[in-house]
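Encoded as structure tokens, the structure appears first; notes follow it.
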2 protein chains.
Amino acid sequence: MKITEITRQALLDHATDVFAESGFDGASVREITRRATINLAAINYHFGGKEALYREVLRLAVDALSDASLLDEVTIDRVTREEAVRLFIRQQVMPLLKHGQISRYWRIFAWETLSPTPVYRDFIASEKLPILDQAEKIVRRFLPDGAARAEITVATIWLSNQATPFIRHYDTLSKPPLSLKIDKSFIEQLAADLSRMAIAGLNARGLLGPDSIECQVGGNESFRLSNVS
Amino acid sequence: MKITEITRQALLDHATDVFAESGFDGASVREITRRATINLAAINYHFGGKEALYREVLRLAVDALSDASLLDEVTIDRVTREEAVRLFIRQQVMPLLKHGQISRYWRIFAWETLSPTPVYRDFIASEKLPILDQAEKIVRRFLPDGAARAEITVATIWLSNQATPFIRHYDTLSKPPLSLKIDKSFIEQLAADLSRMAIAGLNARGLLGPDSIECQVGGNESFRLSNVS
DNA sequence: GTTTGTTTCAAACGACTGTTTGAATTTCAA
DNA sequence: TTGAAATTCAAACAGTCGTTTGAAACAAAC
């Protein structure tokens, strides 16, 4: 590997860290170069500036999230809609295990949803984010064909934000006072729970009547009955 | 009203705006005083610094959110758990109508969940936020008594984040290409939909089996049956 | 070994940050 | 009206921000 590529890579790696931690505005080029033990001017030399570096990180983020996706164009239509939700949730929750890899990208996007940078605006203007695209496709399979644009959008935002709070609240869970061990079994459980809640929520979508009726069936068994239009 | 109170109030008001837009770090005292057309040094004179001003805004935010709450200590236990969820969701969604009032406070908390300031850490260390408190109380009514701490926390985070994405994505909805009119009927519909999804999700929580079974009953009527443990 | 082009580096630039200062102004009671 | 306290104000402080600069160090080709 050429040495110029090494510094480029180190810069990108540490930039991803800092951008994920503090957002674009909160990140400083001095902090990035300090962590990478590379001279301050390297960012402008190799990328042309802070914005261009961030653009590159966003580019990598979108690609990585697409690569790590469990839902490509083919499978999303082949599996059941419930299975599609499960895969959709899992692909967002699983990265929490590998603390420093994909989850950094999710955090960067979390910053962007709160206050989009011009760089990000350009980005989504040119190409749709795979996650929103996937969410919308899944949502459409739960909503009736004639669903209004607004209705689809609301459900899409809802679905694509089922897992994100837990990416954001990673510290809340892992640090005191909760101090949960974010291991494989916890993540699996979380993914399963979130999927179940998301599916139930999407199924309940579009109902007009009361949400559900509890039905006593046997001795201590009860069923919850909900009308699907 | 004493004139010192007028400037204090103007400072607090514009500070709330700027903190909501850019977060604590992103906000600048010069921007705040510029909007309030008050001298730069006023913040330090009246509050003692940027941090102290922010602390005051947070204080007001918590109070306002408590006042605007539809769920006081009494009603939260008197209504059905489904109704509690509906009230919980409504109190978060309704402020979207009054663009510049309570919704600013929600945005400030949104910044804090992404990267908590020391001021905010001190704040939640001394007193629990009413929203999380309420969410946990509601969640407990859906979960079995013996539910684990982790399980409750996960469900609490989930419930308290059912409405927040829409507060965050207010611009996405109201501006092009969607350009939805965020009027009373839209908000009412949104609150109803979110409530239904949240209730369905909470009901589905804790299930171990398949999520639900679709049952054909009559000609074009079908029911969705899900077991409640 | 010399040359040419690439990459690093410390230093400095102007613009911005929160805060301080001391004088000018305003307020309000005596 | 006078005098002391409260409030405003422009200016400057030290620090950080992203970026630029020109020289130093390095690489590879002749």
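When reading the values below, keep in mind they use all heavy atoms of this one structure, side chains included, and skip hydrogens, waters and symmetry mates. Predicted model, so just to flag it, every value in this text is computed and none were measured.
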Salt bridge or not between [X] and [Y]? Use side-chain N to carboxylate O under 4.0 Å.
X        : Y        : answer
A:Glu21  : A:Arg107 : no
B:Lys50  : B:Glu56  : no
A:Arg141 : A:Glu83  : no
B:Glu82  : B:Arg86  : no
A:Arg59  : A:Glu127 : yes

Just how far, in rounded Å, is [atom2] of [N] from [atom1] of [X]?
X       : N      : atom1 : atom2 : result
A:Glu51 : D:dG18 : CD    : P     : 11 Å
A:Arg34 : D:dC17 : CZ    : P     : 11 Å
B:Ile43 : C:dT20 : CD1   : P     : 13 Å
A:Tyr45 : C:dA10 : OH    : P     : 17 Å
B:Ile6  : D:dT8  : CD1   : P     : 10 Å

*Apply the salt bridge (Lys or Arg N to Asp or Glu O under 4.0 Å) test between A:Asp13 and each candidate in A:Arg104, A:Arg35, A:Arg8; give the one that qualifies.*
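Per the salt bridge (Lys or Arg N to Asp or Glu O under 4.0 Å) rule, the option paired with A:Asp13 is A:Arg104, out of A:Arg104, A:Arg35, A:Arg8.
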*Nearest to the side chain of A:Asn44, which nucleotide is it out of D:dT20, D:dG18, C:dT8?*
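Shortest atom-to-atom distance from the side chain points to D:dT20.
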*Which nucleotide, C:dT7, C:dA10, D:dA10, lies nearest any side-chain atom of A:Asn39?*
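The answer is C:dA10, which lies nearest to the side chain.
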*Reading DNA chain D 5' to 3', how would its secondary structure be written in dot-bracket notation, given Watson-Crick and G-U pairs with both distances under 3.5 Å, brackets [ ] for crossing pairs and | for partners on other strands?*
||.|||||||||||||||||||||||.|||
*If you take all heavy atoms of B:Ala15 and B:Leu53, which pair is closest and at what distance?*
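Closest approach of B:Ala15 to B:Leu53: CB-CD2, 3.7 Å.
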*Out of A:Ile43, A:Thr16, A:Val57, which one pairs with A:Leu11 under the side chain to side chain contact (heavy atoms under 4.5 Å, CB included) rule?*
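So, applying the side chain to side chain contact (heavy atoms under 4.5 Å, CB included) to A:Leu11 and each of A:Ile43, A:Thr16, A:Val57, only A:Ile43 qualifies.
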*Does NZ or CZ of B:Arg81 fall inside the cone over B:Phe142's six-membered ring, less than 6.0 Å from its centre and within 45° of the axis?*
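Relative to the ring axis of B:Phe142, which defines the angle, B:Arg81 lies inside both limits.
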_Return whichever of A:Leu40 or B:Ile38 has its heavy-atom-nearest nucleotide of DNA chain D closer to the 5' end._
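The 5'-side residue here is B:Ile38.
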*Which ones in residues 25-32 of chain B lie close to DNA chain C, meaning a heavy atom under 4.0 Å from one of its atoms?*
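Residues of residues 25-32 of chain B under 4.0 Å from DNA chain C: B:Ala27, B:Ser28, B:Val29, B:Arg30.
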*Using a cut-off of strictly less than 4.0 Å, decide whether B:His46 has a side-chain nitrogen or oxygen near OP1 or OP2 of D:dA6.*
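No, because none of the side-chain N or O atoms of B:His46 sits under 4.0 Å from OP1 or OP2 of D:dA6.
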